[in-house]
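To start, the structure itself, in structure tokens.
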Amino acid sequence: MKQIILDIPFDSMTMEEAVDTADRLIRRGEGGYIVTANTEIVLAARKNKPYLDAVCSADLVIADGIGVIYAGRILNKRLPERVTGADLVPRLLALLARRSGSVFLYGAKPGVADRAGGNLERTYPGLRIAGTENGYIKDESELLEMIQREKPDLLLLGLGVPRQEFWMEANKNKLSVVMIGVGGLIDVFAGNVKRAPDVFCRLGFEWLYRLIRQPWRFVRMCKLPWILILAVWERIVGTHS
Ligand code: UDP
């Protein structure tokens, strides 16, 4: 079931259901893409119609952030729980490892995806790294050929918002691989950036942990409460059904 929250059609799912749905997409073998819609993505999509279209064309849109969950509550469109890309992706990698599946990593600074790939192979024995590429190359033609040739089961795109969602929309018909825009997750897999400890995540304070670890994100993060203001406004004015 879809719940439209601030123009974004979220799939109303638990983590388990999202894993099942994504895994079914992968096993179908026809490609498709998943948007891990956090507050930053919701706000960007409201300002940029082509970006909104790229988000809306996804096969699966998961609620990646506590701001989205609260916005849903304010608008009486409850989502069962937060389903982050950072939780979903490891679950999918574990499933792929069990059937000797493969993943391709595209994104982050030179050398990072390689290191992430090495770590993932060690963490998920059986998982094959079909290839890696940094997110700053100018010509993507060889990369696309390589992905077509290697036919990975999953392509993780760490190109940042909005580039990764535009990329998935633009290339979905050329590739028969399931793609997920993962933001900085390749850096996390490489060990460059630490994810918040569980207690922060469970309490919905992952943003606070990130702010402490990466204070230069302050300006970017100041925008985040805006999602709640928009939700309250929409609730009062009732611009959407
Ligand atoms: N990035 C990239 N190519 C670009 C712009 C960004 O590969 O043209 C990478 C960047 O190096 C980082 C990721 O995209 O690894 C974005 O990380 P960020 O922490 O901003 O993402 P978030 O997790 O906040 O969505």
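Numbering of ligands and ligand atoms starts at 1, following listing order.
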May I ask you to list the atoms of ligand 1 that are less than 4.0 angstrom from any heavy atom of G158?
-> 1 (N), 2 (C), 7 (O), 9 (C), 13 (C), 14 (O)
Atom 16 (C) of ligand 1 - nearest protein heavy atom and its distance = G160 CA, 3.8 Å
Is there a donor-acceptor contact under 3.5 Å from the side chain of E169 to the main chain of F166?
-> no
Calculate, to the nearest 0.5 Å, the distance between atoms CD1 and OH belonging to I147 and Y106 respectively.
-> 8.0 Å
Looking only at protein heavy atoms, what sits closest to atom 5 (C) of ligand 1 is L159 O, 3.4 Å
Residue portion contacting ligand 1 (non-hydrogen atoms closer than 4.0 Å) for R163 = side chain
Any N or O of Y136 that comes nearer than 3.5 Å to an N or O of ligand 1?
-> yes
Identify, for atom 25 (O) of ligand 1, the protein heavy atom at the shortest distance, and state residue, atom and that distance.
-> G183 CA, 3.6 Å
Nearest candidate to atom 21 (O) of ligand 1, where distance is taken over non-hydrogen atoms, out of G107, G184, P110 | G184
Looking at CD of E165 and CD1 of I41, how far apart are the two atoms once the value is rounded to the nearest 0.5 Å?
-> 4.0 Å
How many angstroms lie between OG1 in T21 and CD1 in I62, if you round to the nearest 0.5 Å?
-> 10.5 Å
Considering only the protein, which heavy-atom contact is closest to atom 19 (O) of ligand 1, and what is its distance?
-> R217 NH2, 2.6 Å
Are any side-chain N or O atoms of N134 and backbone N or O atoms of K109, one a donor and one an acceptor, separated by less than 3.5 Å?
-> no
Numbered atoms and elements of ligand 1 in range of D187, under 4.0 angstrom, heavy atoms = 12 (C), 15 (O)
Output all residues satisfying salt bridge (charged side-chain N to carboxylate O under 4.0 Å, His left out) with D87, sequence neighbours left out; order by chain, then residue number.
-> R195
V112 pairs by side chain to side chain contact (heavy atoms under 4.5 Å, CB included) with which of L105, T132, D187?
-> D187
Could an N or O of ligand 1 be found under 3.5 Å from any N or O of G135, whether backbone or side chain?
-> yes
Atom 24 (O) of ligand 1 has as its nearest protein heavy atom R220 NH2, 3.0 Å
Is there a donor-acceptor contact under 3.5 Å from the side chain of T36 to the main chain of G181?
-> yes
Same cluster or not: are I236 and I5 linked, directly or through other Ile, Leu, Val, Met, Phe, Trp or Tyr residues, by side-chain heavy atoms under 4.5 angstrom apart?
-> yes
Residues passing the ring pair (Phe, Tyr, Trp, His ring centres under 6.0 Å) test with Y124, sequence neighbours excluded, are none
Under 3.5 Å: N/O of V182 near N/O of ligand 1 | no
Region of E133 engaging ligand 1 - heavy atom pairs below 4.0 Å = neither
Does A108 reach ligand 1 with a nitrogen or oxygen that is under 3.5 Å from one of the ligand's nitrogen or oxygen atoms?
-> yes
Whether R210 lies under 4.0 Å from ligand 1, heavy atom | yes
